[in-house]
Amino acid sequence: MTIPPVLRESWHAPEFWARYTFAHEDGPGADRLGALQDVLDAEDELDDIDDDGEEAADEDPADDDTSLDVAFEVGPGHHVVLSVDVSIDLHSLGVTTPGTAEPAELGWDDMAHWHPYALRWSELDLICRAIAASSPEQPAGLALALLCRFAAVFEDDDVDQAVAAVEEAYAALRPADWDGYWPRGTDWLERADFRGEGVTWQRDDAGDLWAVQHDADAQPFYSTRVGPDPGTDPDPGTGEGFPHAQLRAVLDAARATLGRSATDR
């Protein structure tokens with residue numbers, strides 16, 4: 001796994017996590033920002049000044065691309081790809097399999113038309129354990145801390161265990177001398193908890209799962225994973241379907257990685 005230098009410099013920074021988790025935009029944890037909110041506001045003011053400056057007209061439009069991609073390997077040729085852009089509050093998740101040039105998008109999270117819920121908790125746990133086995137040199141907790149925003153929990157999940165795992169992942173990245181704002185497992189749960197929201201899961205003969213929400217008055221389950229096949233049941237909000245085959249291949253690769261890891265012990 002290759003980690004972009006800018007992310008390597010950010011994962012111990014509270015400013016990064018406040019933006020990445022949307023706490024800076026009144027998301028979960030906003031009430032704990034304290035003085036950090038002033039720092040974030042000052043950074044935003046500087047960005048606004050830069051955007052309005054006279055030199056902006058001479059800048060290369062390509063310089064405006066502030067996104068970065070991290071490809072987490074779960075098995076040979078199989079990756080979970082996270083795209084991060086904290087400057088515009090847009091993050092997306094995709095997967096690649098052998099022979100594919102571009103990631104197939106599973107979901108995205110932003111402040112406007114978010115559809116982040118791409119994974120069941122058990123799938124995220126499987127993926128992160130495979131990432132750890134494939135890239136033991138990576139910081140403990142990094143993959144789960146970054147990827148948990150794309151998973152949700154339901155009635156059949158061990159939610160206490162999930163929250164504890166996310167809490168541990170965040171805590172592993174927290175600097176020892178920092179006692180201010182830091183994301184918590186309960187912050188994640190506040191956005192990810194769909195127990196009691198009328199969401200059930202369907203399974204086809206291939207083993208693919210997709211969600212159906214039966215309660216129109218419940219908290220909306222924004223996901224592209226709402227049909228059995230991207231060609232026959234696209235998400236009405238996006239016009240696109242969910243790449244079940246690619247996700248299935250990545251999950252199979254993750255299981256194979258963990259199987260190999262177990263036999264190597």
Side-chain angles (χ1 to χ4, degrees), residues 1-2 20 67-85 88-110 112-135 143-144 146-154 156-157 191-192 194 199-213 220-259:
M1 178 186 69
T2 301
Y20 184 72
S67 65
L68 58 91
D69 295 340
V70 186
F72 294 99
E73 182 180 1
V74 301
H78 295 78
H79 297 82
V80 172
V81 182
L82 172 67
S83 294
V84 176
D85 195 331
I88 60 172
D89 298 327
L90 174 61
H91 317 301
S92 65
L93 185 69
V95 291
T96 59
T97 55
T100 59
E102 297 294 332
E105 189 174 53
L106 303 182
W108 68 93
D109 205 3
D110 61 15
H113 304 290
W114 57 95
H115 278 62
Y117 304 113
L119 300 171
R120 298 290 309 262
W121 168 255
S122 59
E123 295 167 341
L124 177 63
D125 178 63
L126 170 66
I127 285 170
C128 288
R129 287 188 291 117
I131 291 170
S134 296
S135 305
L144 181 56
L146 288 170
L147 300 178
C148 64
R149 70 182 314 130
F150 296 101
V153 292
F154 306 89
D156 57 345
D157 287 311
R191 297 187 74 211
F194 281 88
V199 178
T200 61
W201 287 84
Q202 314 294 315
R203 183 189 299 271
D204 63 15
D205 293 341
D208 296 330
L209 288 167
W210 64 92
V212 177
Q213 188 167 34
F221 182 66
Y222 289 123
S223 175
T224 63
R225 196 172 177 178
V226 292
D229 181 87
T232 60
D233 193 0
D235 172 52
T238 67
E240 298 178 358
F242 189 84
H244 286 286
Q246 292 93 325
L247 176 60
R248 189 183 340 122
V250 166
L251 295 174
D252 287 345
R255 295 185 187 96
T257 293
L258 293 175

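Excluded from the calculations below are hydrogen atoms, water molecules and symmetry mates; all remaining heavy atoms, backbone and side chain alike, are included.
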Gap separating the [atom1] atom of [X] from the [atom2] atom of [Y], nearest 0.5 angstrom:
X: Leu68; Y: Asp85; atom1: CG; atom2: CG; value: 7.5 Å
X: Asp156; Y: Ser122; atom1: CG; atom2: OG; value: 8.0 Å
X: His79; Y: Ile131; atom1: NE2; atom2: CD1; value: 10.0 Å
X: Glu105; Y: Gln246; atom1: CD; atom2: CD; value: 12.0 Å
X: Asp89; Y: Trp114; atom1: CG; atom2: CH2; value: 11.5 Å
X: Leu119; Y: Phe150; atom1: CG; atom2: CZ; value: 9.0 Å

Are [X] and [Y] close enough that some pair of their side-chain heavy atoms sits under 4.5 Å apart?
X: Ile127; Y: Leu251; answer: yes
X: His244; Y: Trp210; answer: yes
X: Thr224; Y: Leu106; answer: no
X: Asp109; Y: Arg191; answer: yes
X: Leu124; Y: Cys148; answer: yes
X: Ser134; Y: Val74; answer: no
X: Leu247; Y: Phe242; answer: yes
X: Val81; Y: Leu93; answer: no

[X]-[Y] aromatic ring centre distance below 6.0 Å:
X: Phe221; Y: Tyr117; answer: yes
X: Trp108; Y: His91; answer: no
X: Phe154; Y: Trp121; answer: no

Under the 3.5 angstrom rule, does the side chain of [X] hit a backbone N or O of [Y] as a donor-acceptor pair?
X: Thr257; Y: Ala253; result: yes
X: Asp125; Y: Cys128; result: no
X: Arg225; Y: Ala118; result: yes
X: Thr100; Y: Thr97; result: yes

Exercise. Report the C-alpha separation of Asp208 and Arg248 in whole Å, then their side-chain angles, then the decisive distance to 0.1 Å, and conclude whether the salt bridge (Lys or Arg N to Asp or Glu O under 4.0 Å) test is met.
Key: CA-CA 7 Å; Asp208 296 330; Arg248 189 183 340 122; 2.8 Å; yes

